[in-house]
Amino acid sequence: LRAPEKRKHKSLIDNWEEAPSFDRELMKKALRDARAIAGSRHMVIIQGGANGADWLARMLADNAPNAHSETHSADWNRSADGSYDKAAGFKRNQKMVDLGAQLCLAFFEKGSGNRGTADCAQRAKKAGIEVVEVWSR
């Protein structure tokens, strides 16, 4: 896996484990809390493949013992004329929820739209999945 483009996400750098980051520490704590809930069972992190929180969750899961991640990217179906399926992200969110989970960690960034995250969290709640909202600064 490679790091996202640095111009888009300056805080996600190659040595992400070493550099201090408030958001990364919040995510680590949330994932440690999820690990406590899972106990000794293997933990699967389901994420949407986006840069930012999805990328960081994938890196943390894939470098943790007794855990792995699954990426479920949205199928935007870009056509030759440049149009795409505007509902692709919402369809992907429903697919991830339909996989079933005990817990949904929703990582929100203050000042961002968070539409996709909010949609997935709402769908998880509707499905009876416990949702923990984690807010960055």
Side-chain angles (χ1 to χ4, degrees):
L1 300 175
R2 64 180 179 79
E5 296 178 33
K6 290 182 180 39
R7 63 184 157 84
K8 287 185 180 178
H9 299 281
K10 294 177 184 174
S11 63
L12 298 179
I13 55 178
D14 291 334
N15 63 340
W16 62 274
E17 291 179 301
E18 299 166 13
S21 165
F22 177 76
D23 293 344
R24 187 180 57 255
E25 294 309 314
L26 278 175
M27 291 183 73
K28 282 183 176 181
K29 180 184 180 324
L31 289 167
R32 278 194 301 270
D33 292 347
R35 165 51 68 204
I37 292 169
S40 63
R41 291 174 293 168
H42 187 83
M43 192 165 74
V44 180
I45 305 295
I46 306 294
Q47 42 77 25
N51 291 333
D54 289 356
W55 179 83
L56 191 51
R58 182 173 66 242
M59 297 305 294
L60 291 170
D62 290 346
N63 287 292
N66 202 21
H68 78 276
S69 69
E70 289 182 9
T71 301
H72 296 272
S73 300
D75 183 7
W76 298 104
N77 292 322
R78 292 212 178 260
S79 63
D81 68 359
S83 64
Y84 64 97
D85 180 0
K86 293 179 181 177
F90 303 123
K91 291 175 184 176
R92 182 259 332 271
N93 289 347
Q94 188 61 54
K95 179 182 171 187
M96 291 192 303
V97 167
D98 290 345
L99 291 170
Q102 285 185 283
L103 181 67
C104 172
L105 299 177
F107 296 101
F108 290 94
E109 181 180 357
K110 289 182 182 171
S112 294
N114 299 301
R115 286 182 49 214
T117 303
D119 174 71
C120 194
Q122 180 181 10
R123 291 171 187 271
K125 286 176 188 175
K126 187 175 179 181
I129 298 170
E130 178 184 356
V131 175
V132 174
E133 294 183 3
V134 181
W135 286 86
S136 71
R137 295 184 212 199

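What you see is a predicted model, and the numbers here were worked out from it, not measured in a lab.
When hydrophobic clusters are built by joining Ile, Leu, Val, Met, Phe, Trp and Tyr residues whose side-chain heavy atoms come closer than 4.5 Å, directly or via intermediates, W76 is not grouped with M96. No continuous path of hydrophobic side-chain contacts links I129 to L31 [ILVMFWY only; heavy atoms under 4.5 Å]. F90 and I46 fall into different hydrophobic clusters, defined by Ile, Leu, Val, Met, Phe, Trp and Tyr side-chain heavy atoms under 4.5 Å apart, directly or through other members.
Counting heavy atoms of neighbouring residues, nucleotides and ligands inside a 6.0 Å radius, atom CD of E133 exceeds 12 of them.
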Go through the steps to decide whether D85 and D75 satisfy the test side chain to side chain contact (heavy atoms under 4.5 Å, CB included), and finish with yes or no.
-> CA-CA 8 Å; D85 180 0; D75 183 7; over 6 Å; no
Could you go through the salt bridge (Lys or Arg N to Asp or Glu O under 4.0 Å) check for D33 and K29 one step at a time?
-> CA-CA 6 Å; D33 292 347; K29 180 184 180 324; 2.9 Å; yes
Dump the intermediate steps for side chain to side chain contact (heavy atoms under 4.5 Å, CB included) on E70 and I45, then the final yes or no.
-> CA-CA 6 Å; E70 289 182 9; I45 305 295; over 6 Å; no
Working for side chain to side chain contact (heavy atoms under 4.5 Å, CB included), residues V44 and H68 | CA-CA 5 Å; V44 180; H68 78 276; 3.4 Å; yes
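Separating the CG atom in L103 from the CE atom in M43 is a distance of 9.0 Å, to the nearest 0.5 Å. In this structure, the separation between NZ on K91 and CG on N93 is 12.5 Å, given to the nearest 0.5 Å.
Between S73 and G49, the shortest heavy-atom contact is OG-CA, 4.4 Å. In terms of heavy atoms, L26 sits closest to W135 at CD1-O, 3.2 Å. When all heavy atoms of L105 and A30 are compared, the pair lying nearest together is CD1-O, 3.9 Å. Taking every heavy atom of both residues into account, S69 and Q47 meet most closely at OG-NE2, 4.0 Å. A pairwise comparison of heavy atoms in M27 and F107 identifies CG-CE2, 3.4 Å as the closest pair. Residue R41 comes nearest to N66 through the heavy atom pair O-ND2, 3.4 Å, listed as atom of the first residue, atom of the second, then distance.
In this structure, the side chains of H72 and L99 come closer than 4.5 Å at one or more pairs of heavy atoms.
Hydrophobic clustering, defined by side-chain heavy atoms of Ile, Leu, Val, Met, Phe, Trp and Tyr closer than 4.5 Å, leaves V131 isolated from every other such residue.
D119 is linked by a salt bridge (Lys or Arg N to Asp or Glu O under 4.0 Å) to R123, counting only residues two or more places apart in sequence or in another chain. In this structure D98 satisfies the side-chain hydrogen bond (donor to acceptor under 3.5 Å, both in side chains) test together with Q94, sequence neighbours excluded.
Checked by atom type and distance alone, the side chain of R58 never pairs as donor or acceptor with a backbone atom of T71 at under 3.5 Å.
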